[in-house]
Amino acid sequence: MNTLDPSHPLAAGRTASNRLVRAYQGERQEVTPVWFMRQAGRSLPEYRELRVGTRMLDACLDPALASEITLQPVRRHGVDAGIFFSDIVIPLRLAGVDVDIVPGKGPVLGSPVRTSADVDRLTAIDPASLDAEVFSPIVEAVRLTIAELGDTPLIGFAGAPFTLAAYLVEGGPSKDHIRARTLMHADPAAWAKLMAWTADVTGAFLRAQVLAGASAAQLFDSWAGSLSLHDYTEHVAPASTRALSHVRDLTYEASSVDADGGETQIRNVPVVHFGVGTGELLKAMHEVGADVVGVDYRIPLDEASRRLGHVVPIQGNIDPAVLDAPWEVLEAHVVDVLERGVDAPAHVLNLGHGVPPETDPAVLTRLVEFVHSR
Ligand code: CP3
């Protein structure tokens with residue numbers, strides 16, 4: 001076990017009793033906490049203004065800019081957490097991989113990793129080279145952000161090994177990640193080597209954010225929904241466990257005051273695991289070592305909770321498409337999601353995937369007010 005620094009917001013008690021953190025730890029809150037995936041981004045005019053003339057990955061590596069973009073939606077919407085402004089490919093870029101984000105397209109690799117020789121070349125980069133110095137723009141951005149956030153928690157995040165491998169092998173965005181899934185079966189040894197390397201690189205990125213002050217961590221396996229349960233369990237889950245092992249050992253002492261006075265408890269930094277179209281994988285995604293499971297909009301939360309045995313805190317699952325519907329329609333959908341979320345021990349309201357760029361930010365603000373007023 002590794003204890004967080006006493007100045008960390010969780011260890012110092014600033015965020016430890018916050019409703020988002022407590023919900024992630026399984027304690028139902030009177031007011032349901034809410035934040036939005038992709039809340040820091042293109043739906044905000046103040047974001048678009050700040051980004052003019054700066055490439056996406058350069059913005060992520062500019063600590064003052066990344067911190068300001070992280071804070072924008074917290075100020076505007078009053079959400080219960082900030083999500084660190086960065087990208088899942090940042091640790092690859094910092095490890096020296098030729099990767100960029102092409103506007104309107106997504107991550108694109110200079111040379112795709114298709115063969116066992118390609119895997120050997122990539123994995124010759126030692127993940128241990130991602131040290132404190134390499135991560136300094138990330139650490140600095142997190143520090144600037146938590147100084148402004150006060151008792152509002154910052155969520156750190158990373159891409160899961162499969163979702164990163166889907167980009168590495170394909171060389172860019174793809175529909176069903178067929179080349180990655182082929183490599184998994186055609187050369188299981190090369191695949192396992194690639195996944196283990198990716199797990200350590202992305203795990204180091206997540207750990208750097210938590211050590212620097214993030215109060216929770218979310219692993220995005222956005223494209224895991226293209227996998228069968230068998231392939232997920234056999235060829236992917238072990239690497240996701242390995243990625244999470246980089247933060248699973250991080251603990252802090254939480255003090256809770258009860259009738260007999262004070263009591264301290266050792267707690268771990270809560271970890272959320274999310275994927276798109278992963279209704280069939282929810283239990284397996286919990287079992288890799290997550291505390292909370294994120295659910296997209298394709299199955300209702302009571303069904304998701306049933307699949308998780310009714311014992312796992314859940315996050316989700318507003319359909320992003322409904323954000324642009326008349327308010328009455330959205331309100332009814334939100335109420336339905338909140339009511340179904342009661343089936344789980346605790347619920348954090350979120351979208352089933354990211355905020356669409358065209359979303360009217362006023363709708364998000366109104367949604368947060370509505371959830372907080374119930
Ligand atoms: O607000 C937040 O959620 C925090 C920031 C964040 C970004 N990317 C910023 C970003 C987070 C958590 C991510 C994670 C991410 N990146 C994922 C997992 C989450 C998901 O959406 O499934 C994935 C798959 C990526 C890879 C990626 N990066 C894609 C597919 C894209 C979109 C390409 C496009 O332009 O449509 C990006 C670029 C990206 N990452 C943007 C933002 C704000 C848009 C780029 C821009 O504003 O110029």
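Remember, it's 1-based here, ligands and their atoms both numbered in the order they're listed. The figures here come from the full heavy-atom set of this structure, side chains too, leaving out hydrogens, waters and symmetry mates.
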J.: With respect to atom 5 (C) of ligand 1, which of Ser86, Gly41, Ala66 exhibits the smallest heavy-atom separation?
T.: Ser86
J.: Could you tell me the residue and atom name of the protein heavy atom closest to atom 47 (O) of ligand 1, and the distance to it rounded to 0.1 Å?
T.: Tyr47 OH, 2.6 Å
J.: At what distance is the nearest protein heavy atom to atom 23 (C) of ligand 1, and which residue and atom is it?
T.: Ile88 CD1, 3.5 Å
J.: Just to confirm my output: which protein heavy-atom neighbour is closest to atom 45 (C) of ligand 1, and how far is it?
T.: Met56 SD, 3.8 Å
J.: Which distance, rounded to the nearest 0.5 Å, do you find between the CD1 of Ile88 and the OG of Ser222?
T.: 6.0 Å
J.: Mark up the atoms of ligand 1 that fall under 4.0 Å of a heavy atom belonging to Ile101, in ascending order.
T.: 28 (N), 38 (C)
J.: Tell me which part of Pro173 gets within contact of ligand 1: side chain, backbone, both or neither, using heavy atoms under 4.0 Å.
T.: neither
J.: Minimum distance, heavy atoms only, to atom 44 (C) of ligand 1: which one of Arg55, Arg42, Arg48 is it?
T.: Arg42
J.: Suppose I only count heavy atoms of Arg51 and a 4.0 Å limit; which atoms of ligand 1 are within that range?
T.: 46 (C), 47 (O), 48 (O)
J.: Any atoms of ligand 1 less than 4.0 Å from a non-hydrogen atom of Tyr167? List them with their elements.
T.: 24 (C), 26 (C), 30 (C)
J.: Indicate the ring-plane relationship of Phe274 and His353, choosing parallel, tilted or perpendicular according to the 30° and 60° boundaries.
T.: tilted
J.: Quick check against the 3.5 Å criterion: does Trp191 have a side-chain atom that pairs as donor or acceptor with the backbone of His235?
T.: yes
J.: Looking at Phe220, which atoms of ligand 1 are within less than 4.0 Å of one of its heavy atoms?
T.: 12 (C), 18 (C), 19 (C)
J.: List every atom of ligand 1 that sits less than 4.0 Å from any heavy atom of Pro107, numbering the atoms from 1 in the order shown and giving each element.
T.: 26 (C), 27 (C), 29 (C)
J.: Is there a heavy atom in Phe36 that sits closer than 4.0 Å to ligand 1?
T.: no
J.: Among protein heavy atoms, which sits nearest to atom 35 (O) of ligand 1, and what does the distance come to when rounded to 0.1 Å?
T.: Gly104 N, 3.0 Å
J.: Has Gly354 got any heavy atom lying under 4.0 angstrom from an atom of ligand 1?
T.: no
J.: Does even one non-hydrogen atom of Cys60 get within less than 4.0 Å of ligand 1?
T.: no
J.: Just say parallel, tilted or perpendicular for the rings of Tyr232 and His273, cut-offs at 30° and 60°.
T.: tilted
J.: Look only at interatomic distance and state if Trp223 has a nitrogen or oxygen under 3.5 Å from any nitrogen or oxygen of ligand 1.
T.: no
J.: For ligand 1, is any non-hydrogen atom under 4.0 Å from Arg38's backbone (N, CA, C, O), its side chain (CB onward), both, or neither?
T.: both
J.: List the steps, then state whether side-chain contact (heavy atoms from CB on, under 4.5 Å) holds for Val334 with Leu367.
T.: CA-CA 8 Å; Val334 173; Leu367 205 162; 4.2 Å; yes
J.: Any chance you could measure Thr278, atom OG1, to Trp223, atom CH2, to the nearest 0.5 Å?
T.: 11.5 Å
J.: Under the 3.5 angstrom rule, does the side chain of Gln209 hit a backbone N or O of Phe157 as a donor-acceptor pair?
T.: yes
J.: Mark yes or no for whether Arg48, through its side chain, and Arg42, through its backbone, hold a donor-acceptor pair below 3.5 Å.
T.: yes
J.: Rounded to the nearest 0.5 Å, how far does CH2 of Trp197 lie from CD1 of Ile125?
T.: 5.0 Å
J.: Atom 22 (O) of ligand 1: which protein heavy atom is closest, and how many Å away?
T.: Ser222 OG, 2.5 Å
J.: Could you establish whether Gln218 and ligand 1 come within less than 4.0 Å of each other, counting only heavy atoms on the residue side?
T.: no
J.: Below 4.0 Å from ligand 1: does a non-hydrogen atom of Phe84 turn up there or not?
T.: yes
J.: To the nearest 0.1 Å, how far is atom 1 (O) of ligand 1 from its closest protein heavy atom, and which atom is that?
T.: Ala40 N, 2.8 Å
J.: Look up atom CG in Leu154 and atom OG in Ser215, then write down how far apart they are to the nearest 0.5 Å.
T.: 7.0 Å
J.: Quick check: closest heavy atoms across Val295 and Ala304, and the distance to 0.1 Å?
T.: CG2-CB, 3.8 Å
J.: Should Asp187 and Arg114 count as an ion pair when the cut-off is N to O under 4.0 Å?
T.: no
J.: Look at Asp319 together with Arg298 and state whether they make a salt bridge at an N to O cut-off of under 4.0 Å.
T.: no
J.: Show which atoms of ligand 1 fall inside a sub-4.0 Å distance from at least one heavy-atom site of His353.
T.: 20 (C), 21 (O), 22 (O)
J.: Would Leu323 and Leu364 count as a side-chain contact (heavy atoms from CB on, under 4.5 Å) if you check the C-alpha gap in whole Å, the side-chain angles of each, and the deciding distance to 0.1 Å?
T.: CA-CA 8 Å; Leu323 292 173; Leu364 297 177; 4.1 Å; yes
J.: To the nearest 0.1 Å, how far is atom 11 (C) of ligand 1 from its closest protein heavy atom, and which atom is that?
T.: Phe157 CZ, 3.5 Å
J.: Output yes when the distance from some N or O of ligand 1 to some N or O of Asp87 is under 3.5 Å, and no in every other case.
T.: yes
J.: Applying the side-chain contact (heavy atoms from CB on, under 4.5 Å) test to Val269, which of Leu206, Val210, Val247 qualifies?
T.: Val210
J.: Is there a nitrogen or oxygen of Gly106 sitting under 3.5 Å from a nitrogen or oxygen of ligand 1?
T.: no
